[in-house]
Amino acid sequence: MMTDAFIGLGSNLEQPATQLARAVTELTALPGTSLVAQSAFYASKPVGPQDQPDFVNGAVWLKTSLEPHQLLDQLQAIEQAHGRERLRHWGPRTLDLDLLLFGDRILDDKRLSVPHKELPNRDFVLQPLLDLKPDLTLPDGTPVAALRRQCPDNRLRKLPPADYP
């Protein structure tokens, strides 16, 4: 069975837009997975420590036969291949891949929370999701568009396609 999975992408080190573009290519190569759509990329101020470069973020909509934890394992492997180091909470990173939504499933265990717990507070996640599917809703029926209207402003700036491969 194929499930819709929405993945958030972020980077603020080592050519962030290039990191995200490479990650999109790698995500489309996952077993039992195909790309439905890719959002534009957005620049924004970092959440948390401000002594780091701005982030570039985006999202992809996948159809996958992987189970949520299998997909999480694949996301973490891609992060590691990009040199991801977890040195500081909300610190700089070469690549961050978050499983935001997985069909209509709600999960909360030691490794994975879906929908992603910070989703309502992140305009740099909500806007790319709306780019992908303007009528997207959370499993509880909450429209993502309503969350976006209530979300704190993080100085989100859409990047022109020429700024990334």
Side-chain angles (χ1 to χ4, degrees), residues 1-14 16-42 44 46-48 55-148 151:
M1 181 175 86
M2 300 297 277
T3 303
D4 292 317
F6 292 86
I7 311 298
L9 304 94
S11 174
N12 71 340
L13 297 176
E14 299 177 26
T18 301
Q19 294 283 353
L20 298 192
R22 283 183 39 224
V24 170
T25 300
E26 293 162 355
L27 288 166
T28 64
L30 293 178
T33 302
S34 62
L35 179 69
V36 176
Q38 172 187 341
S39 76
F41 291 164
Y42 292 84
S44 65
V47 170
F55 273 82
V56 174
N57 293 91
V60 294
W61 176 1
L62 304 174
K63 291 261 188 202
T64 187
S65 62
L66 297 172
E67 288 296 316
H69 288 87
Q70 292 174 314
L71 183 55
L72 177 64
D73 291 341
Q74 295 287 333
L75 299 179
Q76 290 176 341
I78 292 170
E79 288 177 341
Q80 293 306 308
H82 283 249
R84 168 82 189 258
E85 294 181 310
R86 299 175 191 270
L87 302 175
R88 176 169 69 160
H89 186 59
W90 290 338
R93 59 204 68 178
T94 52
L95 184 62
D96 185 31
L97 299 174
D98 289 323
L99 179 52
L100 304 170
L101 296 166
F102 192 86
D104 60 0
R105 308 249 313 253
I106 297 172
L107 302 165
D108 192 12
D109 62 40
K110 290 181 181 181
R111 292 191 59 217
L112 183 60
S113 292
V114 175
H116 193 283
K117 288 186 180 203
E118 290 297 329
L119 193 110
N121 305 314
R122 305 286 194 254
D123 59 354
F124 55 85
V125 173
L126 295 169
Q127 188 58 55
L129 286 174
L130 290 171
D131 287 357
L132 296 172
K133 193 169 191 272
D135 62 346
L136 185 63
T137 60
L138 301 185
D140 68 2
T142 303
V144 171
L147 294 176
R148 175 69 177 100
C151 186

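In this chain, numbering begins with 1 at the start of the sequence shown. Keep in mind that the numbers below use all heavy atoms, side chains included, and drop hydrogens, waters and symmetry copies.
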side-chain contact (heavy atoms from CB on, under 4.5 Å) between R122 and N57, intermediate numbers included: CA-CA 11 Å; R122 305 286 194 254; N57 293 91; over 6 Å; no
Short side-chain to backbone donor-acceptor contact, Q19 and E14, under 3.5 Å: yes
With sequence neighbours excluded, residues passing ring-ring contact (aromatic ring centres under 6.0 Å, His included) with F6: W61
Euclidean distance, F102 CZ relative to L72 CG, rounded to 0.5 Å: 11.0 Å
Exam field: side chain S11 to backbone L20, donor-acceptor pair closer than 3.5 Å: no
Closest non-hydrogen atom pair between A40 and D131, with its separation: N-OD2, 3.7 Å
Separation of L147 CG from Q127 CD (nearest 0.5 Å): 12.5 Å
For the student: nearest non-hydrogen atoms of G8 and L100, plus distance: N-CD1, 3.4 Å
Closest non-hydrogen atom pair, A145 against L130: N-CD2, 3.7 Å
Distance, nearest 0.5 Å, that separates CZ of R22 from CG of L95: 8.5 Å
K63 backbone acceptor or donor facing D4 side chain under 3.5 Å: no
Distance in Å, S113 OG paired with E118 CD, rounded so as to fall on 0.5 Å steps: 10.5 Å
Between CG on residue L136 and CG on residue L126, distance to nearest 0.5 Å: 9.5 Å
Close side-chain approach of V47 to N121, heavy-atom, < 4.5 Å: no
Side-chain touch I7/D98, heavy atoms, less than 4.5 angstrom: no
Derivation of the side-chain contact (heavy atoms from CB on, under 4.5 Å) call for D96 and F55: CA-CA 10 Å; D96 185 31; F55 273 82; 5.8 Å; no
Below 3.5 Å, can you tabulate the donor-acceptor pairs from side chains in residues 27-34 to any protein atom, sequence neighbours excluded?
| unit_1 | atom_1 | unit_2 | atom_2 | d |
| --- | --- | --- | --- | --- |
| T28 | OG1 | T25 | O | 2.7 |
| T33 | OG1 | P31 | O | 3.0 |
| T33 | OG1 | T64 | OG1 | 2.8 |

Validation row: D108, K117 side chains within 4.5 angstrom (heavy atoms): yes
Residue pair R111 / D73, side-chain heavy-atom distance below 4.5 Å: yes
Steps toward side-chain contact (heavy atoms from CB on, under 4.5 Å) verdict (L62, T3): CA-CA 8 Å; L62 304 174; T3 303; over 6 Å; no
CD on Q76 to NE2 on H69, rounded to 0.5 Å: 9.5 Å
Validation row: V36, V60 side chains within 4.5 angstrom (heavy atoms): no
P139 side chain near L101 side chain, heavy-atom distance below 4.5 Å: yes
R105 side chain near V114 side chain, heavy-atom distance below 4.5 Å: no
Side-chain touch L99/H116, heavy atoms, less than 4.5 angstrom: no
